[in-house]
Amino acid sequence: MSQNPVSKGTILVVDDTPTNLEVLFDFLSNAGFKVLFAEDGESAIEKANYAMPDLILLDILMPGIDGFETCRRLKESELTRSIPVIFLTALTDIVDKVRGFSLGAVDFVTKPLHYEEVLARVETHLRIQALTQQLQAQNELLEHEVQERKQAEAALQRQNQRAQLFAEVTLKIRQSLQLDEVLRTTVTEVQNILQADRVLIYRLWPNGTGSGVAEAVQAGLPHVMGQTFPEEVFPDETRKQYRQGRMRKLEDVEHDQAISACLVEFLKQFWVKAKLVVPILTKHELWGLLIVHQCSGPRRWTEFETDLLQQLANQIGIALTQAQLLEQETLQRQELSRSNAELQQFAYIASHDLQEPLRMVTSYLQLIERRYKGQLDADADDFIQFAVDGAVRMRTLINDLLTYSRVGTQAHPFERMSCSKAVENAIANLKVAIEENQAVVTYQDLPELEADSIQITQLFQNLISNAIKFRGRVQPQVAIEASHQDDVWRFAVKDNGIGIDPQYAERIFVIFQRLNNRVDYAGTGIGLAVCKKIVERHGGKIWVQSELGKGATFYFTIPDGGKA
Amino acid sequence: MNSADVVKTVEILLVEDNPGDIRLTQEVLKEGRIQSRLNVVEDGEKAIAFLNRIEPYLHAPLPDLVLLDLNLPRRNGLEVLRMIKTNETLRHIPVVVFTTSQAKEDIKNAYNLCANCYITKPIDLEQFVRSVKSIEDFWLTIVKLPQE
C-alpha cells in the first residue's frame, strides 16, 4: 500500500490506551488517511467538533464518559450527527451491540484488531457515507428544484384561477341584464379575487352627490353602503381624472404625503389603509367608481390587480350601457305596442263608424234619385251622380287605408309558402280586370319562401293590377321572374305599359301619391304604399326601373328564409 | 201560408240607433208585400226591456223577427243577442244581425252566439233594398217558424 498524496479522509481514533494503537495509526496512515487521536470521550467530542473527521473509531470502555455516552452526545449535536461511528470492543467485553446500533453507530470491530478488517470496514463506511452525502445533496437539489417548480406552478395556478374568475365575472356581468345583479356580482367576485377587505361600487348622481350602490365587506368592518356623500368628497381635479378614465391608487393612506389631511380623516372613518379606485364610464359619462379598500394595513397594488380592476370597470360600463339600451328599447317597444293597439282600434273604427255616415249619404241620395227621378231637371241628376261617385270613392279610400294599416296589425306569422301559388291566387282575384284587358300574365321559376302568404299574394296582386291598369295601347303583358342573389330572392314584375318618369321612381311608393288623372286611371294612391310596407315587413326592398312609354319593371327582394 | 195568417201583422223589432238607417228600413219595408209592423228601439238596454216586456214595454208584442245592429249605445248588439239566445221563451226568434261592421271578430262572435244570420249593410241603396227584401222574403215567407 503506498502513501497517497491526497488524504483519503480524516479518522478520529478514541481510546484510553494509545499504545495499543500505534500499529493502527501506521496502518491507517499508510492507507492514506489522516489520523487523529483522543484519549477520552470529552476530548473526542471536542476534537470532532473542530476537526470534523470523516469517521470515528470509538472505544467503549473508557474512564469518564464511556463510548456509548460519547456516541450519544455526538449524535445529539447537529454538527457531528452525520459522522459515522464504529465502536471498538474487546472480544471479551460483554457489550450490548444492539444498544450501540440504536445510539447511531454504524459498525463494531473487535479487539485485538485485525487491521485489514478495520481498513475494509472504514473504507466501506466512508464510501457509504460519501454516497449518502452525495445522495443527500442530490436530494436537496432535487427538493429545491421541486420546490421551485411547485412555486411556479402555484403562481401559474393562481394566475389561471384569476383569469378564470375574471372570465366568470365578465360572463356574469354580460349575462345579467339586471343592473343590481351585475353590481352585486362584481363586488362579491372582486373581493374574492383580490382578497380585499372592502369592495364598493359608488354611484355618482347627477346632482353631484354620491352613494354606495353595492358593497362586499369583511365582517366587522364598517359599511359604506346606505350613506350619501356630498359633492365635496371628490375635489374637482380628482373628478376630472376619473372622467378621463384614470384610476387612483393609494398604497399607504397614513404615510402618503400627496393626499390631503381631510381625506385621510375621511378614510379613517372606514378604517381604510390602502385603496384602489377605478372610474366606471358609460358612453363618456362618469357613472360611478369601482373602489377596493384594504383595512388590515397598507397594500401594494400589483399590476395584475390594477389591470383586472380596470377591465372589470370597463365590463361594468358596457353592461350599464347595455342595460340602458335595453331600458330604452323596452320603453320603445311598449310605446310601439301601444300605438299598434291604437292603430288596430282605428282600423275597427274605420271599418265601422266611418262607413256609416258614408252609407247615409249614398243611400239617401239614391233614395232621392229613385223617388224623384224625372221630377228634377238634368242638372240635378248629374249632381246626384257626382255626390254618389264621391261617396263610393271615399269608401274605396277607407277600405284601402284599412288594408294599409292591416299590413302591420293583422300580419300572419311567416311560414313556408309557394310564390307560384301566391301569383296564381293574385291572378284569380284579378280575373275580371285581366279578361277585360285581355292581359297576359306569365311567371316562371318562382321559389318557396318563409313569408306571410296572404301579404305576398296581396303584393303580387297590387303589382299585377297596376301593370294592367297603366296599360298602353298594345295588349298588356306582365312577366314575373325571380332570381337568387346573395341570400335574397329578387323578384321582377315587368310590364309593357305606359311606364313611369324616372324622377317619380321613389315618390310612387309614398301613400296617396298619384301621377295620373282620376278619369283615365282610377285609384287611391295606396296600392304601392301597401306593397312597400309588405316588402319591408319581410326585410326586403322595393324599387322600380322604368322610362316613360317603355313599360316598367318593379323589383323587390325577400331574404332567403325570411326575416321575422 | 193559410188564410188566417195573411191578415196577421208581422211584428219586427229593429234595434238600431242610426235614425238614417231606421228610416231607410221603414221606407224599404213600406214598399214590401208583407204587412208588418216595425217596432224600433235605439239601444241594447231598451231592446232587452222590450223583449222581456219590462216598463215601459209592458204590452210590447213578442216579435217574429229581430233586426239587430251591433254597435249600440248602453248594451251592445252582442249582449242583446246573448240574452235572446239564452232565454227559453225568446231563443226561437230569428235574429238577423244587420250591421256596418265587416270585422271578422264581430262575424265570428255573432255566429258563436247563435245569430241566425249576419248581413253587412250594403252601401248602395239598390243593394240595401235587395238585402232588406231578402230578409223579409226569407224569414217571413220562405222559412217555417214555430207558432205560438
Side-chain angles (χ1 to χ4, degrees), chain A residues 340-373 376 381 383-407 409-412 452 454-455 458 524, chain B residues 14-32 38 40 42-44 67-73 76-81 97-110 115 118-135:
Chain A
N340 267 348
E342 271 177 9
L343 206 62
Q344 225 147 5
Q345 185 62 26
F346 160 78
Y348 184 82
I349 289 168
S351 82
H352 192 274
D353 294 15
L354 283 184
Q355 286 183 0
E356 202 143 291
L358 206 59
R359 211 163 40 73
M360 289 298 102
V361 173
T362 323
S363 300
Y364 279 95
L365 279 169
Q366 287 175 331
L367 194 59
I368 293 171
E369 204 180 20
R370 186 185 167 110
R371 292 261 172 98
Y372 306 102
K373 191 138 185 153
L376 301 166
D381 289 345
F383 298 163
I384 289 169
Q385 192 55 50
F386 278 125
V388 171
D389 282 353
V392 169
R393 214 186 109 62
M394 178 95 169
R395 185 184 156 85
T396 316
L397 206 57
I398 289 168
N399 283 338
D400 284 359
L401 259 179
L402 209 58
T403 311
Y404 182 77
S405 78
R406 278 176 180 161
V407 172
T409 57
Q410 299 207 341
H412 298 83
D452 180 337
I454 291 173
Q455 291 189 346
Q458 172 111 55
T524 52
Chain B
L14 174 65
V15 190
E16 172 66 70
D17 68 319
N18 181 353
D21 270 328
I22 295 170
R23 181 68 192 272
L24 212 54
T25 311
Q26 281 170 339
E27 292 298 323
V28 175
L29 286 175
K30 229 192 276 177
E31 294 174 5
L38 193 65
V40 182
E42 297 88 17
D43 63 53
L67 287 178
L68 181 65
D69 191 11
L70 289 186
N71 197 15
L72 294 168
N76 68 34
L78 292 176
E79 287 174 89
V80 177
L81 180 62
V97 175
F98 197 48
T99 175
T100 343
S101 170
Q102 300 181 8
K104 280 182 198 162
E105 289 301 296
D106 281 343
I107 298 171
K108 200 172 98 185
N109 288 334
Y118 188 108
I119 294 171
T120 308
K121 289 176 191 164
I123 188 159
D124 187 81
L125 181 72
E126 279 308 318
Q127 286 173 31
F128 186 90
V129 170
R130 222 177 297 146
S131 292
V132 176
K133 286 194 168 157
S134 297
I135 294 169

Open item on the list: Does atom CE (A:M360) have a neighbourhood of more than 12 heavy atoms from anything else shown, all under 6.0 Å?
Closed with: yes

TODO: Run through B:V28, B:V129, B:L24 and flag the one making a side chain to side chain contact (heavy atoms under 4.5 Å, CB included) with A:S363.
DONE: B:L24

Task: For B:Y118, all residues meeting ring-ring contact (aromatic ring centres under 6.0 Å, His included), sequence neighbours excluded - done: none

- [ ] Answer yes or no: is there a side-chain heavy-atom contact under 4.5 Å between A:Q366 and B:F128?
- [x] no

Task: Atom group of B:Q127 that falls short of 4.5 Å from chain A, counting heavy atoms - done: neither

Task: Atom group of B:E126 that falls short of 4.5 Å from chain A, counting heavy atoms - done: both

Task: Gap separating the CD atom of A:E369 from the CG atom of B:L125, nearest 0.5 angstrom - done: 9.0 Å

